[in-house]
Amino acid sequence: MKKLSVFGWPTYIWFCAFLIVPLILVFITSFLTRGTYGGIEWHFNSSHYTNIFRYEYIKIFLTTLKLAFTTSFLCLLIAYPIAWVLTTLPKQKRNMILMFLSVPFLTNLIIRVYAIKVFVGYDGPLQAILKALHISYDQFSLTQNQVLVQYGMVASYLPFMLFPIYVALEKFDYTLVEAAKDLGASNFRVLWDVLLPNTKMAIFNGFTLVLVPSLGEFVIPDLLGGAKNMLIGNLITEQFLKSRDWPAGSALSIVLILMLFAIPQIIKKFFLRQRRA
Amino acid sequence: MDRQRPQAPRIFLLLTIAVIFILYLPIAVMFLNSLLDHGVWTFRWYQAVFVDTYLHESLINTLIVAASSSAISLLLGVGASIAIGKGLFSLRKSLEAFTFLALGLPELVMALSLLTLFYLLRISSSLLTVTLAHITFTVSFVILTVHSRTITLEKYIDEAAMDLGASEWQILRTIILPLLKPACISALLLGLLLSFDDFLITFYTIGVGTDTLPIKLYSEMRFGLTPKLSALSTLMFICTVLLSITMLRTGVIKNIVKK
């Protein structure tokens, strides 16, 4: 249907103007020099890339990778059973649970982070409980630590895992599950041999959808992690908005982009091929 | 085929309920915090929020950006999905690649690249730049949602319609769009959600002097948590709840569930 293809043009032009051109500009900027008052001066300079291979930077990159992968795994671990439960419940209950689940995620990230901070904060119930039990704790490490960052990330990115899996399971032909059960399969075998292999693509999509924003996360570690738990996102934001070193920030972003392209490809090769064999 | 599906293991239902509990616990605590003044129940923090004119301005800004960006990105995204899935769009491959690129980029990179673009074009930051930025990142999610539906549409329906003499526009209007409606609704919801939820791209592209509610909340909570901020957050949360219930009433979510 040839005529319908005209609808592709507006989006195509939009992406060129606001996605491709800006990225090219970032790439160019990463080879330029920082102006005296921030901004950009048009002198070639490739030192921003060699500067990245410093111990402190490498450490930040590794911390970020670790956190992003744990977040994706935890999301999968939690989202898959929920999607399974949702697609097998009668409609009324399903709607109710869907509503309860969707409300926190419709809520702004900043609000959720704020609520977590109130929960662990000075007047919060956590400190009250610890006091009542006479457990000594450290004010600062209680309100800013890695566990909180991890919780915040999982709580924020769960729907990105839940959506694709839910859609896949919703379309799934459950008579296959009935057949497997009639033949004596346990719940675990139903999950492992029937559901999982048929929703591989959805899992991969969910995994990527969680992994990618986690790698560039800035807000959650900024507000819940403190200076000790710095991630790539915090580093880049610091370069762009605080020290106003745009070329250095651009170089870091280019490295981040390269990582983001490489990692899903590696997972895809590893994960999708192996199971097909 | 409205046949009962075999139930998922009971323990997973418990897990679902536990997850809901853990998600709501901090919000409940925040709500209590907003109602207490040194151990006494009070509404004074809510009064403080309502009389704050700066907050009114931020609220209006937030609404303008979310509504306009999600509407425009829905139009763009649905068009693109149809062109990719049904039309013979000549640049189909690169459009798909752009979509995955937009999805694959973390918000942060998109934010700073747009900041660089606006800086080099000498466009000063305003609500316009924020809206442009929001459209750019929501449109890819719209395409993802709607496109996954277009590829499941059976070709023979179109072919049958064509054999019966329907024009391409008629097929679009009477077959494709009605079939895509549930996907469009969930895409619009996702667009609104992403725009409302967005802090980072807004943070980079909004400039000095203008605020959306999340930006306001972020900058104020850096100076400490106050019951007034809890009241503001609670109000924003209640708006979300009301919105969700309205959606349930109008059957939007039901349609998605029924698919």
Side-chain angles (χ1 to χ4, degrees), chain A residues 1-5 7-8 10-12 14-15 18-19 21-23 25-26 29 78 81-82 84-85 88 94-95 97-104 106-111 114-119 121 125 155 170 174 177-178 181 187 212-213 215-216 218-219 233 236 240 253 256-257 260, chain B residues 5-9 12-13 15-16 19-20 23 26-27 29-30 33 76 79-80 82-84 86-89 91 95 98 101-102 104 106-109 112-114 116-117 120 132 136 139 168 172 193 196-197 199-200 214 217-218 221 225 230 233 236-237 240-241 244 248 253-254 257 259:
Chain A
M1 290 197 280
K2 219 162 187 166
K3 282 181 196 160
L4 297 185
S5 68
F7 294 115
T11 317
Y12 187 82
W14 190 282
F15 273 144
F18 293 105
L19 183 71
V21 170
L23 283 177
L25 291 175
V26 170
T29 309
I78 297 167
I82 294 180
W84 190 4
V85 167
T88 53
R94 190 197 299 199
N95 283 342
I97 292 186
L98 256 183
M99 195 193 74
F100 272 114
L101 272 176
S102 54
V103 165
L106 283 164
T107 313
N108 198 289
L109 169 69
I110 303 289
I111 298 180
Y114 177 82
I116 297 169
K117 282 190 89 86
V118 173
F119 186 78
E170 179 56 36
Y174 272 87
V177 175
E178 268 172 61
K181 284 202 167 170
N187 275 327
V212 161
L215 280 171
F218 155 70
V219 184
I236 293 177
F240 263 87
S253 319
L256 177 63
I257 295 171
L260 289 168
Chain B
R5 290 168 163 180
Q7 273 200 351
F12 289 166
L13 183 65
L15 174 84
T16 309
V19 166
I20 290 173
L23 285 174
I27 295 170
V29 170
M30 174 182 83
N33 181 253
L76 286 171
I82 291 170
I84 293 172
K86 289 288 172 187
L88 298 162
F89 188 51
L91 294 169
L95 186 55
F98 289 170
L101 181 67
E107 267 186 286
L108 179 75
V109 176
L112 61 89
S113 67
L114 284 163
T116 312
L117 174 82
L120 291 173
L132 292 175
T136 311
V139 75
E168 288 189 14
L172 176 70
L193 183 147
F196 266 124
D197 214 28
F199 166 77
L200 196 52
L217 191 58
Y218 173 81
M221 79 194 256
L225 314 176
S230 296
S233 309
M236 287 165 78
F237 177 74
T240 317
V241 175
S244 317
L248 268 186
I253 288 183
K254 256 185 230 157
V257 172
K259 70 175 170 171

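Hydrogens, waters and symmetry mates are skipped; everything else that's a heavy atom, side chains included, is used. Just so we're on the same page: letters track the sequence lines, and every chain starts at 1.
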Turns out that what part of B:Leu172 lies under 4.5 Å from chain A's heavy atoms comes down to side chain
Those residues at least two apart in sequence (or on a different chain) that pass ring pair (Phe, Tyr, Trp, His ring centres under 6.0 Å) with A:Phe240 are A:Trp246
(message) Is the shortest side-chain heavy-atom distance between B:Ser113 and A:Phe18 below 4.5 Å?
(response) no
Applying a strict 4.5 Å limit to non-hydrogen atoms, the region of B:Leu15 in contact with chain A is side chain
Looking only at B:Ile27, B:Val19, B:Leu91, the option with the highest number of non-hydrogen pairs under 4.5 Å against chain A is B:Leu91
One should read off an interatomic distance between A:Leu19 CG and B:Phe98 CZ, to the nearest 0.5 angstrom, of 7.5 Å
Check: B:Ser230 and A:Val118 side chains under 4.5 Å, non-hydrogen atoms:
yes
Report, as yes or no, whether the 6.0 Å neighbourhood of atom OH on A:Tyr174 holds more than 12 heavy atoms from other residues, nucleotides or ligands. yes
On a heavy-atom basis, the closest approach of B:Met221 and A:Tyr114 is CE-CA, 3.8 Å
Most heavy-atom pairs under 4.5 Å with chain A, out of B:Val109, B:Leu114, B:Leu117, belong to B:Leu117
Rounded to the nearest 0.5 Å, the CG atom of B:Leu101 sits from the CD1 atom of A:Ile257 at a distance of 8.0 Å
Does the side chain of A:Trp84 come within less than 4.5 Å of B:Pro9's, by heavy atoms?
yes
Interatomic distance, CG@A:Leu23 vs CG@B:Leu112, rounded to 0.5 Å, equals 9.0 Å
Rounding to 0.5 Å, atoms CG (A:Leu4) and CD1 (B:Ile82) come to a distance of 7.0 Å
Scanning both residues in full, the closest heavy-atom pair of B:Met236 with A:Ile111 reads CB-CD1, 3.3 Å
A:Phe7 and B:Ala83 have their tightest heavy-atom pair at C-CB, 4.1 Å
In this structure, CG of B:Leu95 is separated from OG of A:Ser5 (nearest 0.5 Å) by 11.0 Å
Looking only at heavy atoms, the pair that brings B:Leu76 and A:Thr11 closest together is O-OG1, 2.7 Å
Checked A:Ile236, A:Leu215, A:Val177, A:Thr29 vs chain B; the most non-hydrogen pairs under 4.5 Å come from A:Ile236
Whatever's closer than 4.5 Å to a heavy atom in chain B on A:Leu256 counts as side chain
The interface call for A:Lys117 against chain B, heavy-atom contacts under 4.5 Å, is both
Sorted by chain and residue number, the side-chain contact (heavy atoms from CB on, under 4.5 Å) partners of A:Val219 (sequence neighbours excluded) come out as A:Leu109, A:Ile110, A:Glu217, A:Leu223, B:Phe199
For A:Gly216 and B:Leu200 the tightest heavy-atom approach is O-CD2, 4.4 Å
- prompt: Between A:Trp14 and B:Leu132, is a side chain to side chain contact (heavy atoms under 4.5 Å, CB included) present by the stated rule, with each step listed?
  reply: CA-CA 10 Å; A:Trp14 190 282; B:Leu132 292 175; 3.6 Å; yes
Turns out that what part of B:Leu120 lies under 4.5 Å from chain A's heavy atoms comes down to side chain
